[in-house]
Amino acid sequence: MRLVHEVVATLQRDTDDYVTPMSAALQELLGGGRGSLPELADRFSAAGLAEVMASWIGNGPNLPISTADLRRVLGEERVEDLATLAGLDSERFLIHLTRVLPYAVHHMTPEGTLETPADARSHA
């Protein structure tokens, strides 16, 4: 699994300029104090959206996600915290996140599988 800061650097290089304010929020959500990719995948499963996350991890096309579903997955408090970190209001933050999160998850899982913390320890 690629590290989130590598993916954010790729996003900043390959996509529109809205990634820059999102970089700190993405790093926190996918590999920082506010979460990890395996934890996010668990949240998607609990919300009944496992197939969306699986499409982002897998090698096929990425399924879209709505801002409402993303808000439900993350929870209102986490959305507000991450939006503040990105310097955006929560709705604008979610709009941008629906665009960059599938790309970020897909690029963090280039082998098409989600490596859990236990998997990472076994490879060490």
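When reading the values below, keep in mind they use all heavy atoms of this one structure, side chains included, and skip hydrogens, waters and symmetry mates. For reference, positions follow the sequence shown, starting with 1. Treat the numbers as computed from the prediction; the structure is a model and nothing was measured.
- Looking at every heavy atom in both residues, Arg72 comes nearest to Ala47 through NH1-O, 2.9 Å.
- Taking every heavy atom of both residues into account, Ala50 and Ser45 meet most closely at CB-OG, 3.6 Å.
- Atoms CD1 and OG, on Ile95 and Ser66 in that order, are 11.5 Å from each other to the nearest 0.5 Å.
- For the pair Leu74 and Leu29, the minimum side-chain heavy-atom distance is below 4.5 Å.
- Nearest approach of Leu26 to Ala104, heavy atoms of both residues: CD2-CB, 4.4 Å.
- Proximity of Thr67 to Leu97: side-chain heavy atoms (C-beta onward) are nowhere separated by under 4.5 Å.
- A salt bridge between Arg78 and Asp81 is absent, with no side-chain N of the basic residue lying under 4.0 Å from a carboxylate O of the acidic one.
- Formation of a donor-acceptor pair under 3.5 Å by the Thr113 side chain with backbone atoms of Thr109 is not found in this model.
- Residues Leu88 and Leu94 have side chains not in contact (no heavy-atom distance under 4.5 Å, counting atoms from C-beta outward).
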What do the steps show when you test Leu70 against Val79 for side-chain contact (heavy atoms from CB on, under 4.5 Å), and what is the final call?
-> CA-CA 9 Å; Leu70 200 49; Val79 167; over 6 Å; no

Chi angles and distances behind the side-chain contact (heavy atoms from CB on, under 4.5 Å) call for Leu49, Asp69 = CA-CA 8 Å; Leu49 297 168; Asp69 282 343; 3.8 Å; yes

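- With His106 contributing its side chain and Asn59 its backbone, the two residues share no donor-acceptor pair below 3.5 Å.
- Looking at residues two or more places apart in sequence or on another chain, you find no salt bridge (Lys or Arg N to Asp or Glu O under 4.0 Å) involving Glu77.
- At most 12 heavy atoms of other shown residues, nucleotides or ligands fall within 6.0 angstrom of atom CZ in Arg92.
- Here Glu80 contributes atom CD and Leu85 contributes atom CG; the two are 12.5 Å apart, rounded to the nearest 0.5 Å.
- Heavy-atom minimum distance, Pro102 versus Asn62: O-ND2, 3.7 Å.
- In this structure, Trp56 and Leu101 have side chains that are in contact, with non-hydrogen atoms separated by less than 4.5 Å.
- Nearest heavy-atom pair, Ala86 versus Ala25, reported as atom, atom and distance to 0.1 Å: CB-CB, 4.3 Å.
- Between the OG1 atom of Thr98 and the CD1 atom of Ile65 there is a distance of 8.5 Å, given to the nearest 0.5 Å.
- Once rounded to the nearest 0.5 Å, the distance linking CZ of Arg71 with OG of Ser90 reads 4.0 Å.
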